[in-house]
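Below, chains carry the letters A, B, ... as their sequence lines are ordered, and counting in each starts from 1. The structure displayed is predicted, hence computed values, not measured ones.
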Protein chains: 2
Amino acid sequence: MRKERAELGDLKFKQSVELTLKVIGGKWKPVILCHLTDGTMRFGELKREMPSITQKMLTQQLRELEQDGIIHRQIYHQVPPKVEYSLTEYGITVKELLDVMSAWGERHRERFPSDEAEHAPSEGG
Amino acid sequence: MRKERAELGDLKFKQSVELTLKVIGGKWKPVILCHLTDGTMRFGELKREMPSITQKMLTQQLRELEQDGIIHRQIYHQVPPKVEYSLTEYGITVKELLDVMSAWGERHRERFPSDEAEHAPSEGG
DNA sequence: CTGGATCCTAGAGGATACTG
DNA sequence: CAGTATCCTCTAGGATCCAG
């Protein structure tokens, strides 16, 4: 009983993969999510951890993640402003995803150590 | 013994995630890989399954996947030309990744059925 | 401190023509 | 059939300034 090129099932499969990449993919979202898996963080904190991101991008990506229900935005109406970001209960489910991705990436690095060279010179925390 | 914001471990973690996205991310690679998990496919076959991709992109993406050791390119020197693509033994490890991504994407679609609307009108096999 | 608005660049991705 | 080459578009991402 091998699967016989189920067209429909396959279509849904790949569409789901694409959807996932659309939601948590891109240049910054995965990094942001990695940081938020550690717990709640303020805007400035995130910015500090990612020196090479611009405020615009950070804000933009956070908004999108918020709209997708991945993260929660807690605003403190005070001066100076204070905004905290954290994973929602639903957002926590991405941890599993990040774990698998990270694990695969590490294995890949073992095979192609050169690949990390062109990638390493980014932010270092 | 909770993890205490291990900077270095965290750095490697997020870099691995980024690396993964660099290797199998993008607009087309995941889709291509989804198809190849079904087995060997010819260039034209892939093209047919992905009507909205251009030859250029398909060729380009396949080359990159080949260079990353994910897929194998079998050339038959004949007329007309015949080239077959398949996952390498190493490439098969992405199945696990795709599975997790697909599963997450499906769950996400349940939460945000609207998200599929802006994504559905692509190729339909 | 957080982040909106504006303008700009680079590169991913696309259309088309041509070739062994 | 599979692929290269060229030129073009579009948008993700960036720099900078301004504001509550």
Does one hydrophobic cluster hold both A/Val79 and A/Val83, with members joined at side-chain heavy-atom distances below 4.5 Å?
no
Quickly work out the [X] [atom1] to [N] [atom2] distance and round it to whole Å.
X	N	atom1	atom2	result
B/Phe43	D/dT4	CZ	C1'	11 Å
B/Glu66	D/dA2	CD	C1'	14 Å
A/His77	C/dC1	NE2	C1'	14 Å
B/Gln78	C/dG20	CD	C1'	14 Å
B/Lys29	C/dG13	NZ	C1'	13 Å
A/Met50	D/dG13	CE	C1'	13 Å
B/Glu45	D/dG3	CD	P	13 Å
A/Leu58	C/dG4	CG	P	11 Å

Return a single string for nucleotides 14-20 of chain D, one symbol per nucleotide in 5' to 3' order, where B is base contact, S is sugar-phosphate-only contact and - is none, cutoff 4.0 angstrom on heavy atoms.
BBB---B
Using the C1' atoms of five pairs at each end, what's the angle between the two axes of the helix from C/dC1-D/dG20 to C/dG20-D/dC1, to 10 degrees?
50°
Counting just side-chain N and O atoms, does [X] come under 4.0 Å of either OP1 or OP2 of [N]?
X	N	value
B/Arg63	D/dG3	yes
B/Arg42	D/dC1	no
B/Arg48	D/dC1	no

Just by distance, no angles: are the side chains of [X] and [Y] close enough, under 3.5 Å, to form a donor-acceptor pair?
X	Y	answer
B/Lys82	B/His77	no
B/Arg107	A/Thr93	no
B/His72	B/Gln74	yes
A/Arg73	A/Tyr85	yes

Could you tell me whether A/Tyr85 contacts a base, only the sugar-phosphate backbone, or nothing, with contacts defined as non-hydrogen atoms closer than 4.0 Å?
sugar-phosphate
Got a sec, which residues hit ring pair (Phe, Tyr, Trp, His ring centres under 6.0 Å) with A/Tyr76, two or more places apart in sequence or on another chain?
none
Do B/Thr88 side-chain atoms and B/Ile70 backbone N/O form a donor-acceptor pair below 3.5 Å?
yes
Using only atom types and a distance under 3.5 Å, with no angle test, would you say the side chain of B/Ser16 pairs donor to acceptor with the backbone of A/Gly105?
no
With a 4.5 Å heavy-atom cut-off, do B/Gln61 and B/Lys27 have their side chains touching?
no
